[in-house]
Colleague: 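One structure, pasted below without further comment.
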Number of protein chains: 2
Amino acid sequence: MDIFPEMQRYGYEQVVLCHDRATGLRAIICIHDTTLGPGLGGCRMWTYPNEAAAVADAMRLARAMTYKTAAAGLDLGGAKAVIIGDPRTDKSEGLFRAFGRYVQSLQGRYITAEDVGTTVDDMDIIRLETEFVTGTSAAGSSGDPSPATAFGVWRGMKACAGAVWGEESLQKRTVAIQGVGSVGYHLAEHLADEGARLVVTDIRADKVERVVKEFGARAVDPDVVLDVDCDVFAPCALGGVLNENTIPRLKCKVVAGAANNQLATEDDARRLAERGILWAPDYVINAGGLINVADELLGYDRDRAFRKVGDIYHNVRRVIEIASAEGIPTSQAADRMAERRMELIGKLKHKYIPRGR
Amino acid sequence: MDIFPEMQRYGYEQVVLCHDRATGLRAIICIHDTTLGPGLGGCRMWTYPNEAAAVADAMRLARAMTYKTAAAGLDLGGAKAVIIGDPRTDKSEGLFRAFGRYVQSLQGRYITAEDVGTTVDDMDIIRLETEFVTGTSAAGSSGDPSPATAFGVWRGMKACAGAVWGEESLQKRTVAIQGVGSVGYHLAEHLADEGARLVVTDIRADKVERVVKEFGARAVDPDVVLDVDCDVFAPCALGGVLNENTIPRLKCKVVAGAANNQLATEDDARRLAERGILWAPDYVINAGGLINVADELLGYDRDRAFRKVGDIYHNVRRVIEIASAEGIPTSQAADRMAERRMELIGKLKHKYIPRGR
């Protein structure tokens, strides 16, 4: 697979293949766009079947981070790292230290974080070699991102409610939450506090039980949650949950949840719009965890971080405004919002700044 | 083409694909080995037919630089950059500034320099964006590397003479020089000063004329220089000049010259040894230009630089000793000398050094 054609097509800045003889590390760090600031993105560890698959995954995920950080209003760009290997058997101190040294060598153009296949413990090892890591267990760390993500989803859901019903309160609204293990649990708490009616499901019975007990939620089977008569459907589990088979079944007016990659295809944004369902773009509404962890770069302050997470309300509102004004699905409106911010800030940056060191 | 298998096979540290949307820059920076220090290597600009060819060239050249810097006793590793493009039509200030920013982003792990397709003017532009560049026109630059290369070749040739004849002086020895445009010209001057007999050739008549006139050299046709009855043959022009067709024609006892990649294949080292001809490995004896430009990193001092270039005498001697003691061709002895130095220094470096910054 050639890499430059993809870089040219989507404006990637840098793809770094890293190999360490002593530990056998094979990692790819992809920096998509640093217009807004250093590229932040998790380090994924996975048994990629081949090099091309690993490069493609790093590139796809890095670009997604660019849009997510831009839409979140962060002064960060988009990047991602992948380590080729089996997280169950191939981890070692040496491996993550070697990776950390590569991160350090990029001088802060890439800031790493936990992702699929990596843990806080791994970040702690990486931190031995580089300052450009977030989500460690060190003092001043932002800790579990789930409460921040949930808070952001709740705020974004209220923006949707305001747009659809002219009333932001979710009191007496029925919200169906798919997945209440972590983010979904915290979201249920915010909604219960506000007086919403909750319908919940999860593949783990104990997770459902807890939400039923603590917040008086009604439990339904995972298979039928898409058919529930509700005001808001909040996907907080699987990706690809919104597709040509599921969208016709929905009985809600709003889809707003924490899951990543909710749309199976870009066409599904149009399908939702045609059914008159307002979809809060996933990467805009679920950016709370990212905003929270990014606050570490300023010296973590939970109050400040949650204030910024609360601004997801405004970000979702702005997406809805663009979609409405320009007659496009909210997915496309989110991309435009991100791109316009990068374009504007990119112009500001064409000024002389001493190079320093 | 997959990159990791080659990285694993030869211990490459890093391959960086760089793309700049604004200027269209496509560059590859390959860092082979930084055991001894930052990777120094030229920036080549070339119309590569495809991405794989560009990556392969950067990798091959970077690894060669590792051996060259190691054998030269420099505190530098091996690296190389290539820019995909036509040096006659695709150059611009923006292109080289964008490249310079990528060099800067690697924090000194790669130091760039002039190479095929790039010029001092290009290095001057790169210098606007990074401190990690050598061979600019700035004050403190090392200037034309040819005299240093020639001085090193002359010194290395004397080490060969000592090994073959027990007498280092080249007085009255006949030296046939292939190529007297630049390095060969300066080499002729050293040899003439010492009282050697010169036989010279070049495809440019004016270059031959100058050496005949200034140093009393005898001119021969380019086609017959390999057949000249001489003590030393000094290839200072083409690569691949030592091959299965040319080696049987040689009438010398020593081959010692400035050309790069003198052997067509690794087998040709054995062919020379079997004919009883001592070959000074090209990358050891022609490192004078590299040693000279590397001195810029300490603040260029011509006297110090030339003293260090003079040590090529000792490097060539050491190669001959290893070849003799271990019964291997000098080509292999040079590689072993480089590898052993890296191994030793690599061990020294396994000590705690504060990370800094």
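Every chain is numbered from 1, with letters handed out A, B, ... down the list of sequences. Side chains included, hydrogens not; waters and symmetry mates left out as well; all remaining heavy atoms used.
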Colleague: Heavy-atom distance under 4.5 Å to chain B: side chain of A:Tyr10, backbone, both or neither?
Modeller: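 For A:Tyr10, backbone heavy atoms alone lie under 4.5 Å from chain B.
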Colleague: Using non-hydrogen atoms and a 4.5 Å limit, figure out which bit of B:Arg26 sits close to chain A: side chain, backbone, both or neither.
Modeller: both
Colleague: Among B:His19, B:Arg109, B:Arg21, which residue forms the greatest number of heavy-atom pairs with chain A at distances under 4.5 Å?
Modeller: B:His19
Colleague: Looking at B:Leu106, B:Val16, B:Ile29, which hits side chain to side chain contact (heavy atoms under 4.5 Å, CB included) with A:Val16?
Modeller: B:Val16
Colleague: Taking atom CD1 of B:Ile31 and atom OG of A:Ser105, what is their separation to the nearest 0.5 Å?
Modeller: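 Reported to 0.5 Å precision, the distance equals 7.0 Å.
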Colleague: Above 12 or not: heavy atoms from other molecules or residues under 6.0 Å from CZ of A:Arg318?
Modeller: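 12 or below, so no.
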Colleague: Does a side-chain heavy-atom distance below 4.5 Å link B:Phe4 with A:Asn50?
Modeller: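 Heavy-atom side-chain distance check fails, nothing below 4.5 Å.
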Colleague: What's the spacing between A:Leu25 CG and B:Gln8 CD if we round to 0.5 Å?
Modeller: 10.0 Å
Colleague: Please check if atom CZ in A:Arg101 has more than 12 non-hydrogen atoms from other residues, nucleotides or ligands closer than 6.0 Å.
Modeller: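 Open.
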Colleague: For residues A:Met7 and B:Leu17, determine if any side-chain heavy atom of one lies less than 4.5 Å from a side-chain heavy atom of the other.
Modeller: yes
Colleague: Closer than 3.5 angstrom, by distance alone: can the side chain of B:Glu51 be matched with the main-chain N or O of A:Ile3 as a donor-acceptor pair?
Modeller: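 Pair found, side chain donor or acceptor close to backbone of A:Ile3.
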Colleague: Ignoring hydrogens and angles, tell me if any N or O in the side chain of B:Tyr102 forms a donor-acceptor pair with the backbone of A:Glu13 under 3.5 Å.
Modeller: yes
Colleague: If you count heavy-atom pairs under 4.5 Å with chain B, which of A:Ala52, A:Ala27, A:Gly108, A:Ala54 comes out on top?
Modeller: A:Ala27
